[in-house]
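Remember, predicted model here, so these are calculated numbers, not experimental data.
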Amino acid sequence: MPDSDAWLIPGSRREAALERIYAAGSDVLRERGPKTFSLEEVARRAGCSRATVYRFVGNKRSLVDTLVGLAATTVVEQVRTQTRGMQGKQLVIESILAGVQAIRSDRTLAEFVKSPPAFDDTYFTHSEMLNRLAASLMDLGEEPDLGAEWLIRVVLSMITWPVDDPTTERELIERYVGAAF
């Protein structure tokens, strides 16, 4: 019988398994952070074996990358909605401020940023996926990869060392980041 005709699970079994694994993985990442994230715990919560997790998502790094990518894609969509119609300096400033707020509000990303994964100290700045998402938010000129890396560093610094006052945070971005545009 074809996978899509399974009577117990609507849709494909692969999609259902991935959905359960991603949901369990997100919960574990939020609760434990990336340093103590374990595929064993993901498998237990998803109701499958560790071998099934490996078969569907690969290793720990692959699953963490996917979970961060899913959460980051949601943040990018929120930022795009908030900055629709903006251009130039205003787009950059508002994208950074909206991105910082959206990441702080997303429990998976907020936990991930507070405690980067043990497998790579340069995870944020060298992630092709994160650079691509950052570059997609705005026109970064002739060197989109370098511009995206810079934007990621600005956002991470605002999250890692937050300013207590939103007005001061905005002023910092407008005065020092906006000046580059």
Side-chain angles (χ1 to χ4, degrees), residues 15 18-34 37 42 56-58 60-117 119-163 166 169-181:
E15 289 173 17
L18 285 172
E19 190 174 303
R20 288 176 71 163
I21 291 168
Y22 292 159
S26 290
D27 289 345
V28 173
L29 189 58
R30 274 192 302 274
E31 293 167 16
R32 291 185 165 194
F37 180 86
V42 171
F56 281 94
V57 299
K60 175 181 174 177
R61 171 76 186 249
S62 296
L63 180 54
V64 169
D65 285 349
T66 299
L67 296 172
V68 170
L70 291 170
T73 299
T74 300
V75 165
V76 167
E77 289 169 5
Q78 291 171 1
V79 171
R80 278 195 183 120
T81 299
Q82 292 178 26
T83 59
R84 188 169 285 122
M86 295 179 189
Q87 296 177 7
K89 181 178 174 178
Q90 181 189 22
L91 174 62
V92 173
I93 291 167
E94 297 305 325
S95 291
I96 290 170
L97 292 170
V100 166
Q101 185 56 47
I103 292 168
R104 286 176 180 155
S105 298
D106 183 284
R107 288 180 44 216
T108 299
L109 288 177
E111 183 59 40
F112 192 80
V113 171
K114 281 192 283 185
S115 178
F119 48 75
D120 190 351
D121 290 339
T122 61
Y123 184 87
F124 298 110
T125 56
H126 291 86
S127 166
E128 288 181 31
M129 177 265 307
L130 291 178
N131 281 338
R132 195 172 47 252
L133 287 171
S136 75
L137 282 173
M138 59 201 75
D139 179 18
L140 294 173
E142 295 178 18
E143 296 186 61
D145 292 342
L146 194 57
E149 185 175 328
W150 181 72
L151 285 172
I152 290 168
R153 288 176 186 276
V154 169
V155 168
L156 288 174
S157 70
M158 299 304 290
I159 293 168
T160 307
W161 299 288
V163 178
E169 187 170 74
R170 173 174 283 284
E171 187 176 338
L172 285 170
I173 298 298
E174 287 174 348
R175 185 179 295 177
Y176 299 106
V177 176
F181 293 88

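- The structure places CD of Q101 at 11.5 Å from CE of M158, a figure rounded to the nearest 0.5 Å.
- When all heavy atoms are compared, the tightest approach of A24 to V42 is CB-O, 3.6 Å.
- Shown here for Q78 and A102, the closest heavy-atom pair between the two residues is OE1-CB, 3.1 Å.
- Counting only distance, with no hydrogens or angles, the side chain of S26 and the backbone of Y22 share a donor-acceptor pair below 3.5 Å.
- T74 has its side chain out of reach of L70: every pair of non-hydrogen atoms, C-beta onward, lies at least 4.5 Å apart.
- Heavy-atom contacts from other residues, nucleotides or ligands closer than 6.0 Å to CD of E31 number more than 12.
- A pairwise comparison of heavy atoms in A98 and Q82 identifies CB-OE1, 3.1 Å as the closest pair.
- A distance of 6.0 Å separates CG of L29 from CG of L67, quoted to the nearest 0.5 Å.
- Among residue pairs with one or both ends in residues 75-88, none qualify as salt bridge (charged side-chain N to carboxylate O under 4.0 Å, His left out); sequence neighbours excluded.
- Atom CZ of R107 sits in a sparse spot, with 12 or fewer heavy atoms from other residues, nucleotides or ligands closer than 6.0 Å.
- Using a 4.0 Å cut-off between a side-chain N of Lys or Arg and a carboxylate O of Asp or Glu, E94 and R170 qualify as a salt bridge.
- Between L97 and the choices V155, V79, I173, the side-chain contact (heavy atoms from CB on, under 4.5 Å) rule is met once, by I173.
- Between the CZ atom of F56 and the CD atom of E19 there is a distance of 13.0 Å, given to the nearest 0.5 Å.
- Side-chain contact check for V113 versus L156: some heavy-atom pair is nearer than 4.5 Å.
- The shortest distance between side-chain heavy atoms of I21 and L63 falls below 4.5 Å.
- With hydrogens and angles ignored, the 3.5 Å screen pairs a side-chain donor or acceptor of K60 with a backbone N or O of F37.
- Counting heavy-atom neighbours within 6.0 Å of R30 CZ, excluding the residue itself, gives a total above 12.
- Side-chain contact between V92 and L151 is present, with at least one heavy-atom pair separated by less than 4.5 Å.
- The shortest distance between side-chain heavy atoms of S95 and M86 does not fall below 4.5 Å.
- Here the side chains of V177 and W150 are in contact, with some heavy-atom distance below 4.5 Å.
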